[in-house]
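Contents: one structure, followed by commentary.
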2 protein chains.
Amino acid sequence: MFILHRRPAEPKEGTFMSTTNTGVPASLRDHQLPSPIPIGEYERCPVTDVLRRVSDKWTLVLVTLLGRHPYRFNELHRAVEGISQRMLTRTLRTLESDGLVEREVFPTLPPTVEYRLTPLGVSLLEPLSALADWAVDHHAEIASVRQRTI
Amino acid sequence: MFILHRRPAEPKEGTFMSTTNTGVPASLRDHQLPSPIPIGEYERCPVTDVLRRVSDKWTLVLVTLLGRHPYRFNELHRAVEGISQRMLTRTLRTLESDGLVEREVFPTLPPTVEYRLTPLGVSLLEPLSALADWAVDHHAEIASVRQRTI
DNA sequence: CAGAATCCGTGGAGATACTG
DNA sequence: CAGTATCTCCACGGATTCTG
């Protein structure tokens, strides 16, 4: 349905990582090209869209923190060391306009603003965990490969 | 262990989305702040690291395509309409140096180069699918919220 | 065919100062 | 406390040209 959504077939032993390399590229032996991806469809692919939203510098840290409990603005500012006020505001506003975070203002003096995940935001924690698990499981391997190829 | 890896506790009904709002922010009622995140530790968090690698403009499209079968350079160039040669090369090189993609050169004339996922790259397809499923399931909701708040 | 090299525009992001 | 307003810098990424 969507470009990045069709789960690719599990590689069968002996075909994907072929050991019987005869010097001919696999793509020449098995020459069935998928039709080119129309640019318009790529732009509208929700997976790409969501991925790009979620993957800026601060979004995931904030979503993860807010997954623990609600935070006030300056609590987040202190918790996420290194983030600027500007980026904290911007990221929270984006999350809010995407419906992942809600913002509640309490009429106190000085003002108190609280941020929390919406149910939609909570639902995102699940797939993020899967990716987080993968990262934790494989980051050592990635690091070693990276070092070897420098 | 890592900042973005501890799966947050499942929200209990009536506590997370409290309906008995007495005008006092939840973070003032339940005031147990996690210790601030040291900047050094944040930088080294593998989850953040991996997310940032994976989330540039072309990586996911390429990983997904290569999940189907191996591709030659210009096959990818045609398949991913809109990508420049420069970015295709750069993205593939990064994927290679991270151990997610391997590059094989065949001594033909003109040269033939084939790209395929490594086992590590294949293992990434799984968690990506989870995120893709989430995106497909919720992108309409996000879009409607987004429109409402513009 | 599979790139390398170069130039260049744009937006993501930090730093700083100010305010209701 | 919770922001807004500016200025600035640089990395991302596109276009073009050239080559073994």
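Chain identifiers are assigned alphabetically (A, B, ...) following the order of the sequence lines, protein sequences preceding nucleic acid strands; residue numbering begins at 1 within each chain. Everything quoted here is computed from the prediction, not taken from an experiment.
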In Å and rounded to the nearest 0.5 Å, what is the CD1 to CG distance from Ile83(A) to Leu88(A)?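 Going from the CD1 atom of Ile83(A) to the CG atom of Leu88(A) covers 4.5 Å.
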From OG1 (Thr59(B)) to CZ (Arg90(B)), nearest 0.5 Å: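 Here the rounded value is 10.0 Å.
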Any idea which of [options] is nearest the [X] side chain?
X         : options                  : answer
Arg103(B) : dG3(D), dG14(C), dG3(C)  : dG3(C)
Pro110(B) : dC1(C), dG14(C), dG3(C)  : dC1(C)
Lys57(B)  : dA2(D), dC1(C), dG14(D)  : dG14(D)
Ser84(B)  : dG14(D), dC1(D), dG3(C)  : dG14(D)
Pro111(B) : dG20(D), dA13(C), dT4(D) : dG20(D)
Arg78(B)  : dC1(D), dA2(D), dC1(C)   : dC1(C)

Separation of atom [atom1] in [X] from atom [atom2] in [N], rounded to whole Å:
X         : N       : atom1 : atom2 : answer
Leu109(A) : dG20(C) : CG    : C1'   : 10 Å
His77(A)  : dA2(D)  : NE2   : C1'   : 11 Å
Gln85(B)  : dC7(C)  : CD    : C1'   : 16 Å

Is a salt bridge present between Glu104(B) and Arg116(B), judged by a nitrogen-to-oxygen distance below 4.0 Å?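 A salt bridge links Glu104(B) with Arg116(B).
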Considering only NZ, NE, NH1 and NH2 on the basic side and carboxylate oxygens on the acidic side, decide whether Asp49(B) and Arg146(A) come within less than 4.0 Å.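 Between Arg146(A) and Asp49(B) there is a salt bridge, with a charged N closer than 4.0 Å to a carboxylate O.
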Heteroatom pairs (N/O) under 3.5 angstrom, protein to nucleotides 7-10 of chain D:
none

Does the side chain of [X] get closer than 4.0 angstrom to OP1 or OP2 of [N] through an N or O atom?
X        : N      : answer
Arg93(A) : dT4(D) : yes
Tyr71(A) : dA2(D) : no
Arg90(B) : dA4(C) : no

Hey, what's the ring geometry for His69(B) with Tyr71(B), parallel, tilted or perpendicular (30° and 60° as the breaks)?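 The arrangement is parallel - the two ring planes meet at less than 30°.
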Going by heavy atoms in the side chains, are Val50(B) and Arg53(B) under 4.5 Å from each other?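 The answer is no, as the side chains (C-beta and beyond) never meet within the 4.5 Å cut-off.
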For the helix from dC1(C)-dG20(D) to dG20(C)-dC1(D), what is the angle between the axes at its two ends, each from 5 pairs, rounded to 10°?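 Terminal axis comparison yields 50°.
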